[in-house]
Amino acid sequence: MKKVTKTTSRKELENVKEGDEIEDDTGKQGEVSNIEILQRRSEKQFYYKLKHDGTILVIK
């Protein structure tokens, strides 16, 4: 299980792949089914769609 938070490095966030088990700092967890990374000015938004329920968003 990989922990993804706003303190996680960009390299680690970019290395998350579909099928990985992840968890955020609020306790939400699950298997990644889809990943979308958006660049907005100086920040990157990492959207991890979970297989069964919800999305985890990390803005870096």
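Numbers for residues simply follow the sequence, beginning at 1.
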Straight-line distance of Ser9 OG to Lys60 NZ, nearest 0.5 Å
7.0 Å

Pairwise distance CD1(Ile22) to CE(Met1) - rounded to 0.5 angstrom:
9.0 Å

Please determine if Lys2 and Glu12 form a salt bridge, counting it only when a charged side-chain N lies under 4.0 Å from a carboxylate O.
no

Using modelled atom types and a 3.5 Å cut-off, is there a donor and acceptor pairing between side-chain atoms of Glu21 and backbone atoms of Glu23?
no

Would you check if the side chain of Asp20 reaches a backbone N or O of Val16 as a donor-acceptor pair within less than 3.5 Å?
no

Given the rule that I, L, V, M, F, W and Y join up when any side-chain heavy atoms are under 4.5 Å apart, are Ile59 and Leu38 in one cluster?
yes

Anything under 3.5 Å between a donor and an acceptor, one on a side chain of residues 45-56, the other on a protein residue two or more places apart or in another chain? List them.
| unit_1 | atom_1 | unit_2 | atom_2 | d |
| --- | --- | --- | --- | --- |
| Gln45 | OE1 | Tyr47 | OH | 3.2 |
| Gln45 | NE2 | Glu43 | OE2 | 3.1 |
| Tyr48 | OH | Leu13 | O | 2.7 |

Please report the closest heavy-atom contact between Arg10 and Lys44, naming both atoms and the distance.
NH2-N, 3.7 Å

Should the heavy atoms of other residues, nucleotides or ligands under 6.0 Å from NZ of Lys6 be counted, would the total exceed 12?
no

